[in-house]
Amino acid sequence: MNITEGLNPEKVFRYFEEICAIPHGSHNLEQISSYLVKFAEDRKLKYRQDEVLNVVIWKDGSEGYEASEPVILQGHMDMVAVKEAGCSKDLRSEGLDLAIDGDLLYAKKTSLGGDDGIALAYALAILDDETIPHPPLEVVITTNEEVGLLGAAALDTSDLKGRMLLNLDSEDEGIFTVSCAGGVCASCIHPVETEEKNGEILDLRLDGFIGGHSGAEIHLGRANAIVLLGKVLSDLYNELGDEMRLIFVNGGEADNAIAIFAEATLSVPDAAATEALLTESFKKVSAKYLEKDPALKITVSKKESSTQQVLKAGESSGLVKFLAQLPYGVQKMSPKVPGLVQTSLNPGLLEMTADTVQTAFSVRSSVDAEKEALVDDLRRLCSETGGHVETTGDYPGWDFLPESRLCDTMVEAYREQYGKDPVVEGIHAGLECGIFAQKLPGIDAVSIGPQMQNIHTTRERLSISSTERTWKLILNTLKKLK
């Protein structure tokens, strides 16, 4: 602890470091939720914790602001918890190891969780300071945002009086987000059975991928390791037929993160010849990505020949055919907003259990009909290859509000602080603002955040100076909302 000592704003970074010491990956939120409850209890603030561990904390307006319109400060408590290959840290039970490189704060060998731990740190620092002028505050911290906005979807909003919502879940300083796409997680499930087969065994791993956020960075043309694994396996199956059998497949870390690795274990008749085929295939399928993803690599290693439990021939071939046809990337750009992705999908997670192989997609679109059409396409592809689709976490988009007191106030505060206007735009990534807009009709919402790099990856970085500038912008905005 105390890695952030001496950084400003002091309270923000102190709370951020406390948050990083608590495991808080998606679906592992009991400790962080309890931490927020204890924070409120220790300061005698009104709070509510619900069945899915969402936490709402209320604070009265400061002197002179008691009758002002309430403001909702909102973020989520879960992070995309990923680590480098070979990292021994258990992210379900251990905190992060923070480090500083110049202006950048990061976590050693893991993601940082600036998305969205910084929102919690900002909110707690405001709640813990009696000198900050502000309207009545309703701090809403939701759960499992990264796996489908599940906490926000389950949240009871009947006791929220605020109709201005400042969402602190963006990653680009100077950009005010005022609309976003809707989305859904589509899991393609293929049941599998095994049988014994003798053969030579190969382990195959693809890594060195940059990856990134499947909403904010899907248009950058980066390679997806699961997609390339499917292409390589398909090329091999075309050469070997049912002599090639799958023993194991795995890849990616979250449906909304572009997959940075994928691996498989294969039973083949001739390991040496197969290794040459795999290497040549990978060279071919990765060639078009090398400008955007220059470090892509394949590693093939032979294991002792043995009799193994392999997927039955029909299921192995069906799964390979499915993986070979994985749709990925931008499907349509917005005809109204130049440069904005309208519809996309990303196969971000490939997992094998004793009796299934599941491939999880993040499907996004600002047009509901296009989102539904992509899910239907996945259903057809799964049906043709022996699987089916289950969907979870369907969330709505968030429409632009033409007249926004909150946005106008923030633009004024930004102009005073920076001497220029911010960028006001919509994004392709999903934000909880869409759910709040659905639950609280007419809500006036803006999403901001300090500058971050490579969120959802082990290269995630948070700018220290940007964190301070964004803090000042938040405080000035609250001061102006009297």
Side-chain angles (χ1 to χ4, degrees), residues 82 85 186 188 202-240 244 246 249-264 266 274-300 319-334 338-350 359-365 370 374 377-378 381 385 428-429 453-459:
V82 296
C188 298
L202 284 181
D203 283 334
L204 161 67
R205 183 177 174 89
L206 311 183
D207 56 20
F209 293 68
I210 292 175
H213 189 290
S214 72
E217 296 171 301
I218 197 70
H219 63 291
L220 297 179
R222 295 173 181 167
N224 180 306
I226 297 173
V227 173
L228 263 61
L229 176 67
K231 303 296 185 188
V232 168
L233 292 178
S234 177
D235 284 351
L236 190 59
Y237 183 80
N238 289 339
E239 291 288 336
L240 302 181
M244 182 205 84
L246 293 175
V249 289
N250 180 52
E253 296 163 309
D255 69 276
N256 58 358
I258 300 170
I260 61 172
F261 80 94
E263 55 193 6
L266 313 174
T274 301
E275 181 175 356
L277 290 170
L278 288 169
T279 302
E280 182 62 27
S281 173
F282 182 74
K283 181 179 179 181
K284 177 188 69 175
V285 301
S286 63
K288 71 175 183 178
Y289 296 105
L290 290 181
E291 183 178 346
K292 300 294 180 63
D293 250 314
L296 303 182
K297 65 178 181 178
I298 183 172
T299 304
V300 183
L319 186 59
V320 169
K321 290 175 183 176
F322 168 76
L323 294 173
Q325 300 178 69
L326 292 180
Y328 164 62
V330 175
Q331 306 297 299
K332 186 175 182 181
M333 299 296 292
S334 170
L340 178 65
V341 178
Q342 178 164 297
T343 304
S344 76
L345 78 171
N346 174 68
L349 187 62
L350 177 64
T359 312
F361 284 78
S362 177
V363 182
R364 306 175 189 266
S365 182
E370 292 182 12
L374 281 182
D377 288 343
L378 290 175
L381 177 57
T385 55
H428 184 56
Q453 305 170 7
N454 301 312
I455 63 169
H456 298 183
T457 77
T458 58
R459 301 179 311 285

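Predicted model, so just to flag it, every value in this text is computed and none were measured. Note that these values count all heavy atoms, side chains included, but never hydrogens, waters or copies made by symmetry. Along the sequence shown, the residues carry numbers beginning at 1.
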message: How long is the straight-line distance from NZ of Lys284 back to CG of Leu228, given to the nearest 0.5 Å?
response: 11.0 Å
- prompt: By ring pair (Phe, Tyr, Trp, His ring centres under 6.0 Å), which residues pair with His213, not counting sequence neighbours?
  reply: His456
- prompt: Between the side chain of Ser281 and the main-chain N/O of Leu277, is any donor-acceptor distance below 3.5 Å?
  reply: no
- prompt: Does Met244 reach the side chain of Thr274, with side-chain heavy atoms less than 4.5 Å apart?
  reply: no
message: Within the 4.5 Å heavy-atom criterion, are Leu278 and Leu202 side-chain neighbours or not?
response: yes
query: Once you round to the nearest 0.5 Å, how far does OH of Tyr237 lie from CG of Leu246?
result: 10.0 Å
Close side-chain approach of Asn224 to Phe209, heavy-atom, < 4.5 Å: no
- prompt: Is the closest side-chain heavy-atom distance between Leu204 and Leu229 below 4.5 Å?
  reply: yes
message: Phe322: which residues meet the ring pair (Phe, Tyr, Trp, His ring centres under 6.0 Å) condition with it, sequence neighbours left out?
response: His190
- line: Heavy atoms of Gln342 and Met333 approach each other most closely as CB-C, 3.7 Å
message: Give me the atom names and distance for the closest heavy-atom approach of His428 to Ser344.
response: NE2-OG, 2.7 Å
query: Passes side chain to side chain contact (heavy atoms under 4.5 Å, CB included), Tyr328 versus Ile226? Steps please.
result: CA-CA 10 Å; Tyr328 164 62; Ile226 297 173; over 6 Å; no
Heavy-atom pair with the smallest gap, counting every atom of Ser214 and Arg364: OG-NH2, 3.0 Å
Any donor-acceptor pair under 3.5 Å from Gln325 side chain to Leu323 backbone: no
field: Side chain Asn454, main chain Thr457, donor-acceptor under 3.5 Å
entry: no
task: Look up atom OG in Ser362 and atom CD1 in Ile258, then write down how far apart they are to the nearest 0.5 Å.
output: 10.0 Å
task: Among Asn346, Leu374, Asp255, find the one that has a side-chain contact (heavy atoms from CB on, under 4.5 Å) with Val363.
output: Leu374
field: Between CG on residue Asp293 and CD1 on residue Ile210, distance to nearest 0.5 Å
entry: 4.5 Å
field: Interatomic spacing from CD1 in Ile298 to OG1 in Thr279 - rounded to 0.5 Å
entry: 5.5 Å
- request: Check Ala85 against Arg205 and note the closest heavy-atom contact, atom names and distance.
  value: CB-NH2, 3.7 Å
- prompt: Do Phe282 and Asp235 have side chains that get closer than 4.5 Å, going by heavy atoms?
  reply: no
field: Exercise: identify the closest heavy-atom pair between Cys188 and Phe361
entry: SG-CE1, 3.7 Å
task: Before giving the answer on side chain to side chain contact (heavy atoms under 4.5 Å, CB included), spell out for Ile260 and Glu253 the whole-Å C-alpha distance, their side-chain angles and the decisive distance to 0.1 Å.
output: CA-CA 8 Å; Ile260 61 172; Glu253 296 163 309; 3.5 Å; yes
message: Please find the pair of heavy atoms, one from Lys231 and one from Ala324, that lie closest to each other, and give the distance.
response: NZ-O, 3.0 Å
- line: When rounded to the nearest 0.5 Å, the distance separating CG of Leu233 from CG of Leu319 is 8.5 Å
field: Note, Lys332 side chain near Glu370 side chain (heavy atom, < 4.5 Å)
entry: yes
